[in-house]
Trainee: 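Input: one structure, supplied below.
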Protein chains: 2
Amino acid sequence: MQDDTRERILNMAEALFAEQGFAHTSLRTITTRARVNLAAVNYHFGSKEALIQAIFSRRLVPLNRERLNRLAELETGAAPPTLEAILEAFIAPTLKDPADTDPGEIRFMRLLGRTQAGASRPLREFVHTLYAEVLDRFGGAISRALPELPQPELYWRVHFMMGVLSYTQAGTATMKLVSDCDPPGAEDQAALQRRLIPFLAAGLRAPLG
Amino acid sequence: MQDDTRERILNMAEALFAEQGFAHTSLRTITTRARVNLAAVNYHFGSKEALIQAIFSRRLVPLNRERLNRLAELETGAAPPTLEAILEAFIAPTLKDPADTDPGEIRFMRLLGRTQAGASRPLREFVHTLYAEVLDRFGGAISRALPELPQPELYWRVHFMMGVLSYTQAGTATMKLVSDCDPPGAEDQAALQRRLIPFLAAGLRAPLG
DNA sequence: GTCTATATCCTGATAGAC
DNA sequence: GTCTATCAGGATATAGAC
């Protein structure tokens with residue numbers, strides 16, 4: 001084992017954190033299940049907190065780079081992109097076809113959803129820095145697509161949008177009770193996207209109250 | 001101290017859990033800050049887990065009863081209630097004027113928002129049971145207000161709605177970055193409600209993708 | 001009902017041999 | 001880089017006097 005150890009820790013920690021949360025997952029459990037020595041965590045990462053940050057950086061940096069690339073490509077055209085196209089650039093990278101996607105990536109989105117709402121302040125702030133550029137660029141693009149929307153209104157509606165996305169990513173399936181139809185399996189992410197975009201676009205475009 | 005002790009524990013635990021999360025808040029901290037003996041928690045509640053459930057029952061049972069009362073009153077009229085009226089019946093009990101409201105109630109809504117996304121499965125299931133009737137009744141009312149909306153679509157849109165509400169209740173203020181205007185203070189809950197209802201109503205009514 | 005004192009366990013982190 | 005062994009602290013829960 002050499003650098004493989006690092007990856008094994010990252011993968012197992014990510015999976016366990018997504019299932020049980022940070023506080024209820026001990027370094028002992030992680031290292032045992034990853035068949036790695038307990039001391040390896042502190043050797044490779046320095047602390048549990050640093051391990052958590054490494055997990056977020058590993059997934060979030062490429063994800064947000066792809067979002068920015070998609071948005072940049074949309075903006076090369078002559079006409080400004082539609083609201084729906086902007087939303088798709090933001091959402092699509094998180095909802096890829098599971099067949100040809102690292103399953104860890106899907107687990108991570110669940111972890112991310114739970115973290116946005118529930119994590120400790122320092123961790124939320126760290127995640128925030130990883131999101132800063134994306135929120136800035138997409139906020140601007142949405143504002144240009146909805147020029148008549150006042151700034152504070154835009155602020156809140158983007159906040160609401162983040163709520164929908166992170167809650168959906170968390171996959172809590174709150175609504176098992178509202179109807180008898182089962183929630184669609186996580187397989188058809190494309191269907192989920194076809195539902196998310198009209199809902200969000202309509203909400204963002206709603207007439208002022 | 002008699003039954004006062006119970007209340008003191010509940011109030012302090014609620015405040016500390018909302019700030020720091022469940023796992024990072026020890027019974028020692030709670031009892032010390034509440035100026036109550038450590039053993040009192042186990043005498044009055046039996047365990048930390050049972051204390052957490054007691055906190056949720058105390059606030060959620062009356063809250064959901066008020067929601068159901070408001071909905072029942074809406075449905076006494078001849079015409080079926082509008083979508084906006086249904087949403088207001090659901091949301092208004094959580095956004096009361098802070099001036100004449102127990103501040104603990106407001107803290108609790110933050111705790112609830114964080115819990116929906118981030119808590120352990122057993123706790124989420126417990127909260128779920130406290131929500132079952134409300135989700136069933138409001139799901140039906142929304143369905144009657146939007147008769148052309150297919151069931152699975154309804155299911156997901158109500159799910160999205162819960163995401164917006166719980167994320168907003170969690171008060172994570174993700175969007176500090178999207179614009180330069182500060183997020184409005186938590187005082188003007190009425191303004192927040194005036195923003196939430198048009199956003200949600202538009203999303204629920206969105207044309208199918 | 002309240003308190004002191006303590007049992008039992010598990011945590012993150014580290015020192016130091018290999 | 002990997003391992004064993006261990007430290008120091010904090011957790012929940014309880015036994016038993018008052």
Side-chain angles (χ1 to χ4, degrees), chain A residues 1-58 111 114-115 118-126, chain B residues 1-58 111 114-115 118-126:
Chain A
M1 314 290 162
Q2 32 347 10
D3 217 30
D4 181 40
T5 298
R6 234 187 100 97
E7 289 278 314
R8 294 256 291 284
I9 294 172
L10 281 170
N11 290 332
M12 185 55 70
E14 182 179 81
L16 290 170
F17 286 152
E19 273 176 40
Q20 312 176 333
F22 300 114
H24 287 100
T25 306
S26 69
L27 296 184
R28 286 181 147 76
T29 308
I30 294 167
T31 51
T32 303
R33 301 263 318 256
R35 281 174 308 170
V36 153
N37 189 274
L38 170 61
V41 169
N42 275 276
Y43 176 79
H44 283 286
F45 299 96
S47 71
K48 186 182 185 179
E49 188 67 23
L51 166 63
I52 294 174
Q53 296 196 352
I55 290 173
F56 280 89
S57 296
R58 175 174 72 146
L111 176 60
R114 295 183 56 169
T115 302
S120 65
R121 191 195 318 257
L123 177 56
R124 265 195 328 246
E125 276 167 12
F126 176 75
Chain B
M1 311 292 160
Q2 11 21 345
D3 217 29
D4 181 39
T5 299
R6 232 186 101 96
E7 289 277 314
R8 294 255 290 282
I9 293 172
L10 282 171
N11 290 332
M12 185 56 70
E14 182 178 81
L16 290 171
F17 286 152
E19 273 176 41
Q20 312 176 335
F22 300 113
H24 287 101
T25 305
S26 70
L27 297 183
R28 286 180 146 76
T29 310
I30 294 168
T31 51
T32 304
R33 299 264 317 256
R35 280 173 309 169
V36 154
N37 189 274
L38 170 60
V41 169
N42 274 275
Y43 176 79
H44 283 286
F45 300 96
S47 71
K48 184 182 184 178
E49 188 66 23
L51 167 62
I52 294 174
Q53 296 196 352
I55 289 173
F56 280 89
S57 297
R58 175 175 72 147
L111 177 60
R114 296 182 54 169
T115 303
S120 66
R121 191 195 319 257
L123 178 55
R124 266 197 325 249
E125 276 167 12
F126 176 75

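Computed from a predicted structure; not experimentally measured. Chain letters run A, B, ... following the sequence lines, proteins first, then strands; residues in each count from 1.
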Trainee: Distance check needed: dC10(C) P versus Q20(A) CD, whole Å only.
Mentor: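 In whole Å, dC10(C) P lies 15 Å from Q20(A) CD.
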
Trainee: When you check every protein heavy atom under 4.0 Å of nucleotides 4-18 of chain D, what one-letter string (B, S, -) results, 5' to 3'?
Mentor: B-B----BBBB----

Trainee: Within the side chain of R8(B), is there an N or O that forms a donor-acceptor pair under 3.5 Å with the backbone of R35(B)?
Mentor: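 Pair found, side chain donor or acceptor close to backbone of R35(B).
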
Trainee: With sequence neighbours left out, write down each residue that passes side chain to side chain contact (heavy atoms under 4.5 Å, CB included) with S47(A), or none if nothing qualifies.
Mentor: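 Side chain to side chain contact (heavy atoms under 4.5 Å, CB included) list for S47(A), sorted by chain: E49(A), A50(A).
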
Trainee: When you check the phosphate oxygens OP1 and OP2 of dG1(C), does a side-chain N or O of T5(B) lie under 4.0 Å from one of them?
Mentor: no

Trainee: Is the backbone of L38(A) close enough, under 3.5 Å, to the side chain of R28(A) for a donor and an acceptor to pair up by distance?
Mentor: no

Trainee: Enumerate, atom names and distances included, each donor-acceptor pair closer than 3.5 Å involving a side-chain atom of residues 15-22 of chain A, sequence neighbours excluded.
Mentor:
from: Q20(A); atom 1: OE1; to: T25(A); atom 2: OG1; distance (Å): 3.0

Trainee: How many whole angstroms separate atom CD1 of I9(A) from atom P of dG12(C)?
Mentor: 13 Å

Trainee: What heavy-atom pair brings I9(A) and I30(A) nearest, and what distance separates the two atoms?
Mentor: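 Nearest pair, atom of I9(A) first, then I30(A): O-CG2, 4.2 Å.
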
Trainee: For A23(B), which residues count as a side chain to side chain contact (heavy atoms under 4.5 Å, CB included) partner, sequence neighbours excluded?
Mentor: A23(A), H24(A)

Trainee: I'd like to check the side chain to side chain donor-acceptor pair (under 3.5 Å) partners of S26(B); sequence neighbours left out, ordered by chain and number.
Mentor: T29(B)

Trainee: Just report the end-to-end axis angle for the helix from dG1(C)-dC18(D) to dC18(C)-dG1(D), five pairs per end, to 10 degrees.
Mentor: 0°

Trainee: Hey, mind stepping through T5(A) and Y43(A) against side-chain contact (heavy atoms from CB on, under 4.5 Å) and telling me if it holds?
Mentor: CA-CA 11 Å; T5(A) 298; Y43(A) 176 79; over 6 Å; no

